[in-house]
Number of protein chains: 2
Amino acid sequence: MSIDRRSGCPINLSLEVFGDRWSLIILRDMIFGGKRHFRDLLNGSLERIASNILADRLKRLMELGMLTRADDPTHKQKAIYSLTEMAITLVPILAHLGAWGRVWLPVSEELSIRAELLEKGGPPMWEKFMDELRHEHLGTPSDTPPDATVRASLQAGYKAVVARKAPGAGCDPDA
Amino acid sequence: MSIDRRSGCPINLSLEVFGDRWSLIILRDMIFGGKRHFRDLLNGSLERIASNILADRLKRLMELGMLTRADDPTHKQKAIYSLTEMAITLVPILAHLGAWGRVWLPVSEELSIRAELLEKGGPPMWEKFMDELRHEHLGTPSDTPPDATVRASLQAGYKAVVARKAPGAGCDPDA
DNA sequence: ATAAACTGATTGCATTTTGCAATCAGTTGC
DNA sequence: GCAACTGATTGCAAAATGCAATCAGTTTAT
């Protein structure tokens, strides 16, 4: 379940950690979607991850030190997953990955607006976002008001695109 | 053989292109190792890729527009593989990936020196490197002398570490 | 009190992908 | 002519994937 160590090359070892179809998708949903629970991740992902794969990857990501798991005080059976610093520092990689995909791949407009905003914000925005994630997941103190977060601004951009593309429609799956 | 389009998310689509254990390894060897032939890639990689997987991934990367293939004039059976602009623009992602791996994973010193130098060089060095790759693979004009390339300086750094770790040894597998 | 919905999973099974070893036909150098 | 080298291909076992069904305990609504 842990990594192979095919070689000590940094790129190779990084691939051994998240060089599969699902690990980064899960981390993306936790980082950008704010998902913290099994069910949120299971039903929330656009790519429709299967429950056994989700369970397997969560376990693996915990073993690798990218996630931690804690009991949720509001529900005896609920588990809450948190990003570690190791996972939070993936933000610049995800930002680059999104920017690259936006240029070269057939992305949809509403799903790429976040990548565009994150690219335009550059490293300062990424740092701010990582601080917010540290506050959210690690309990680090923060002075950013909840309505001025990077995630909120990314979400606002997304909603603006959706609203423009479907004017007057009442549907809002991302409330 | 082409991508699934599980969703139009840029990160997802990027993962569908190189979210596997081998595609980025091949691109890494072409970009940083200057490998252009099947046999170079087959025997040169530290991770020991199998020939059928290499053949499959080269084909796939060509279909996706990341590589092109041409006959090598020096040998009727030899094929020479070239990076496209799409692949060359992965340099910043590889740089970030290497930097992340260097911090969080059990990398070896001699294999991580390149990642360290590339990280220290920052975006200006990445741009210079991409220009060199464009010259090498796309035939774009360039005014950089062959001994002042980014790849040469990364290679020099690597050799310095190897020489320091094995003083007086005559072995030099990377000549 | 009880039924329904929700919690984080686990199991079984068919399909697909992977990885290793062996092999291939054509080309080149000696 | 023969060994080494070219870019692959094939057969096969093992592993990963994905889907559907299921599970026991918890909470919510009636």
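Letters go in sequence order (proteins before strands), and every chain restarts at 1. Just so it is clear, the values below take in all heavy atoms, side chains as well, and ignore hydrogens, waters and symmetry mates.
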Can you label the angle between the A:His96 ring and the B:Trp126 ring as parallel, tilted or perpendicular, going by 30° and 60°?
perpendicular
Please find the pair of heavy atoms, one from B:Ser14 and one from A:Leu105, that lie closest to each other, and give the distance.
N-CD1, 3.5 Å
For [X], which residues count as a salt bridge (Lys or Arg N to Asp or Glu O under 4.0 Å) partner, sequence neighbours excluded?
{"X": "A:Asp20", "value": "A:Arg57"}
{"X": "B:Lys165", "value": "B:Glu109, B:Glu110"}
{"X": "A:Asp131", "value": "A:Arg134"}
{"X": "B:Arg151", "value": "B:Glu136"}

With B:Leu117 via side-chain contact (heavy atoms from CB on, under 4.5 Å) - residues at least two apart
B:Ile113, B:Leu154
Rounding to an integer number of Å, can you tell me how far [X] [atom1] sits from [N] [atom2]?
{"X": "A:Ile25", "N": "D:dT17", "atom1": "CD1", "atom2": "P", "result": "13 Å"}
{"X": "A:Leu41", "N": "C:dT7", "atom1": "CG", "atom2": "P", "result": "12 Å"}
{"X": "B:Leu42", "N": "D:dC5", "atom1": "CG", "atom2": "P", "result": "13 Å"}
{"X": "B:Asn43", "N": "D:dT6", "atom1": "CG", "atom2": "C1'", "result": "12 Å"}
{"X": "B:Lys78", "N": "C:dT28", "atom1": "NZ", "atom2": "P", "result": "10 Å"}
{"X": "B:Arg6", "N": "D:dC19", "atom1": "CZ", "atom2": "C1'", "result": "15 Å"}
{"X": "B:Asp40", "N": "D:dT6", "atom1": "CG", "atom2": "P", "result": "8 Å"}
{"X": "A:Leu54", "N": "D:dT17", "atom1": "CG", "atom2": "C1'", "result": "14 Å"}

Heavy atom of residues 67-74 of chain B under 4.0 Å from DNA chain D: which residues?
B:Arg69
Does anything in residues 27-39 of chain A come within less than 4.0 Å of DNA chain D? Heavy atoms only, and list the residues if so.
none
Within the sub-3.5 Å range, which N or O atoms of nucleotides 12-18 of chain C have a protein N or O partner, and how far apart are they?
unit_1, atom_1, unit_2, atom_2, d
C:dT18, OP1, B:Arg57, NH2, 3.2

Residue list, side chain to side chain donor-acceptor pair (under 3.5 Å) with A:Arg6, at least two apart or on another chain
A:Asn12, A:Glu16
Partners passing side chain to side chain donor-acceptor pair (under 3.5 Å) against A:Trp104 (at least two apart in sequence or in another chain):
B:Thr89
Pairs where residues 18-42 of chain A contributes a residue and the test ring pair (Phe, Tyr, Trp, His ring centres under 6.0 Å) is met, not counting sequence neighbours
A:Phe18-B:Trp100, A:Phe32-A:Phe129
Using only heavy-atom distances, decide whether a donor-acceptor pair under 3.5 angstrom links the side-chain of B:Gln77 to the base of D:dT6.
yes
Upstream residue (5' side of DNA chain D) when A:His75 and A:Ser51 are each assigned their closest nucleotide:
A:Ser51
Inter- and intrachain pairs under salt bridge (charged side-chain N to carboxylate O under 4.0 Å, His left out), touching residues 39-49 of chain B, at least two apart:
B:Arg28-B:Glu47
